[in-house]
Amino acid sequence: MTTEVERARRLVAGAERIVVLTGAGISAESGVPTFRGAGGLWKSYRPEELATPEAFARDPRLVWEWYAWRRGLVANCAPNAGHLALAHLAFTHGSTTLVTQNVDGLHHRAAEEVAGEEDPRKAFPLEVHGAIHRDRCSRCGRRSPGRLDVDASTAETLPRCVECGGMLRPDVVWFGESLDPEVIGASFDAARAADLCLVVGTSAVVHPAASVPEVTLQSGGAVIEVNPESTPLTERATLSLRGSAGELLPALL
Ligand code: BV8
Ligand code: ZN
């Protein structure tokens with residue numbers, strides 16, 4: 001065990017309140033493509049091109065084809081050792097708040113897998129960018145469980161709201177759209193109160209989520225980054241561990 005991991009273990013053991021921010025990197029070892037890594041592109045589209053209200057207005061069929069593909073892919077993936085280690089931390093370490101940018105639901109599934117007698121909700125994350133397995137009506141806002149067999153072959157076959165007939169969309173936050181103020185508010189409250197922020201598998205470029213570790217630093221807390229590569233956050237992190245979430249998190253926690 002490297003001295004760095006040793007130091008990080010001591011920081012975790014000594015922390016009273018922990019906030020964790022995760023990104024696509026924690027789900028990479030489960031087979032979910034990251035956004036900026038190899039395989040992040042879908043049919044040569046950059047995520048920023050498809051994950052916008054403009055793209056949905058322009059071509060809802062194309063956007064739904066992309067989300068139906070991702071929904072199917074994620075449904076066949078399972079939480080990995082990184083997700084399980086964080087769920088375990090949330091059950092065993094007094095005050096731990098998980099915040100995720102991921103819409104894949106793998107943190108929830110890890111919580112259910114690890115809970116045992118515990119209430120799994122204790123390890124459910126704040127999903128600041130929503131969830132891909134849920135639909136939301138683009139007219140009345142009604143939420144409903146998402147179907148795995150969305151037929152995106154024509155605009156006519158796209159899913160409709162049972163209440164108002166409006167076009168359904170995945171219940172995720174698109175670029176240019178504001179986040180749910182309660183969810184991002186709770187994330188920043190946890191970051192402000194934390195004496196340690198653990199940042200796992202994110203390129204730390206998408207805002208406001210990328211500001212979570214900054215808020216902990218501003219309130220005098222420490223930041224541990226886990227990532228095989230350096231990011232814009234690395235120079236300000238207290239510790240930046242090079243490696244994968246699936247390997248380092250079980251060793252760390
Ligand atoms: C908003 C849901 C009000 C949909 C997503 C301030 C400055 C600059 C820009 C802005 C700003 N404020 C607002 C903006 C605009 C924009 C933004 O941040 N743009 C960026 C691109 C510059 N933000 C917004 O639009 C947000 N809304 O601010 O509303 C507003 C509006 C307009 C203008 C002002 C204010 C909404 C953002 C949310 C968008 N929705 N997802 C969907 O999933 O389809 S974002 C999506 O992309 C993900 O959720 C995630 O957040 C992001 C991808 O980042 P990562 O998860 O970090 O993934 P990435 O592939 O980049 O990196 C993976 C990392 O893992 C890498 O570092 C890699 O090395 C590492 N890794 C790989 N393998 C492993 C690993 N790590 C560990 N283990 C491994 N095995
Ligand atoms: Zn509706």
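Please read these numbers as outputs of a predicted model, since none were measured by experiment. Each ligand, and each atom within it, is numbered from 1 in the order the structure gives. For reference, positions follow the sequence shown, starting with 1.
- Across the listed options Ala210, Gly201, Gly23, Pro232, Gly201 owns the non-hydrogen atom lying nearest to atom 63 (C) of ligand 1.
- A donor-acceptor pair under 3.5 Å is absent between the side-chain atoms of Arg7 and the main chain of Leu239, judged by distance alone.
- The N/O atoms of Ala24, backbone and side chain alike, include one that comes under 3.5 Å of an N/O atom in ligand 1.
- Looking at Thr216, its side chain never comes within 3.5 Å of a backbone N or O of Gly221 through a donor-acceptor pair.
- Residue-ligand proximity: Ser178 is placed with a non-hydrogen atom under 4.0 Å from ligand 1.
- Residue Thr231 has no nitrogen or oxygen atom sitting less than 3.5 Å from a nitrogen or oxygen atom of ligand 1, judged on distance alone.
- Without hydrogens or angle criteria, Thr96 side chain to Ala90 main chain gives no donor-acceptor distance under 3.5 Å.
- Within a 6.0 Å sphere centred on CZ of Arg142, heavy atoms belonging to other residues, nucleotides or ligands number more than 12.
- Per-residue contacts place Thr202 under 4.0 angstrom from the following atoms of ligand 1 (heavy atoms of the residue considered): 55 (P), 57 (O), 64 (C), 65 (O), 67 (O).
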Discussion item. Please evaluate residues Leu252 and Leu241 with respect to the criterion side chain to side chain contact (heavy atoms under 4.5 Å, CB included), reporting the C-alpha separation (whole Å), side-chain torsions for both, the decisive distance (0.1 Å), and the verdict.
Written reply: CA-CA 10 Å; Leu252 206 54; Leu241 307 179; 3.9 Å; yes
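- Residue Glu29 has at least one nitrogen or oxygen atom sitting less than 3.5 Å from a nitrogen or oxygen atom of ligand 1, judged on distance alone.
- Relative to atom 45 (S) of ligand 1, the option among Trp66, Trp174, Phe175, Tyr67 with the closest non-hydrogen atom is Phe175.
- Remark: distances from the non-hydrogen atoms of Val173 to ligand 1 include one below 4.0 Å.
- Applying the 6.0 Å contact sphere to CZ of Arg147 captures no more than 12 heavy atoms from other residues, nucleotides or ligands.
- Put simply, the side chain of Asp104 never gets that close to the backbone of Val74: no donor and acceptor are under 3.5 Å apart.
- Remark: among candidates Arg70, Glu177, Glu225, the nearest residue to atom 1 (C) of ligand 1 is Glu177, based on non-hydrogen atoms.
- When each atom of ligand 1 is checked for a heavy atom of Pro228 under 4.0 Å away, the hits are 71 (N), 74 (C), 75 (C), 76 (N), 77 (C).
- Arg109 has no carboxylate O lying under 4.0 Å from a charged side-chain N of Glu113, or vice versa, which leaves the two without a salt bridge.
- Between His129 and ligand 1, a contact under 3.5 Å exists for at least one N or O pair.
- Atoms of ligand 1 found under 4.0 Å from any heavy atom of Gln101 (numbered from 1 in listed order, with element): 48 (C), 49 (O), 50 (C), 51 (O).
- An N or O contact shorter than 3.5 Å is missing between Ser244 and ligand 1 by distance.
- Placement of Val173 and Leu50 in two distinct hydrophobic clusters is found when ILVMFWY residues are connected by side-chain heavy-atom separations under 4.5 Å, directly or transitively.
- A donor and an acceptor atom, one from each side chain of Thr154 and Thr157, are located under 3.5 Å apart.
- Every atom of ligand 1 is numbered from 1 in the order shown, and the set under 4.0 Å from a heavy atom of Ala28 is 73 (N).
- Every atom of ligand 1 with a heavy atom of Leu179 under 4.0 Å away is listed here by number and element: 27 (N), 36 (C).
- Of the N or O atoms in Gly176, one or more lie within a sub-3.5 Å distance of an N or O in ligand 1.
- Atoms of ligand 1 lying under 4.0 Å from at least one heavy atom of Val205, given by number and element, are 18 (O), 20 (C), 22 (C).
- Inter-residue side-chain proximity for Arg242 and Ser230 is flagged as met; some heavy-atom pair is nearer than 4.5 Å.
- For the residues His207, Glu127, Glu229, the heavy atom positioned nearest atom 11 (C) of ligand 1 is part of His207.
- Note: an N/O pair closer than 3.5 Å links Ala245 and ligand 1 by distance alone.
- For the residue pair Ser30/Asn80, the side-chain donor-acceptor check at 3.5 Å is satisfied.
- Annotation: protein N, O or S atoms under 2.8 Å of the Zn ion (ligand 2) (waters excluded) comprise Cys137 SG, Cys140 SG, Cys161 SG, Cys164 SG.
- Ring geometry for Phe124 against His108 counts as tilted: the plane angle lies between 30° and 60°, on a 0 to 90° scale.
- Between Val200 and ligand 1, no pair of N/O atoms sits closer than 3.5 Å.
- Under the side chain to side chain donor-acceptor pair (under 3.5 Å) rule, Glu225 has a single partner from Thr231, Thr238, Thr202, which is Thr231.
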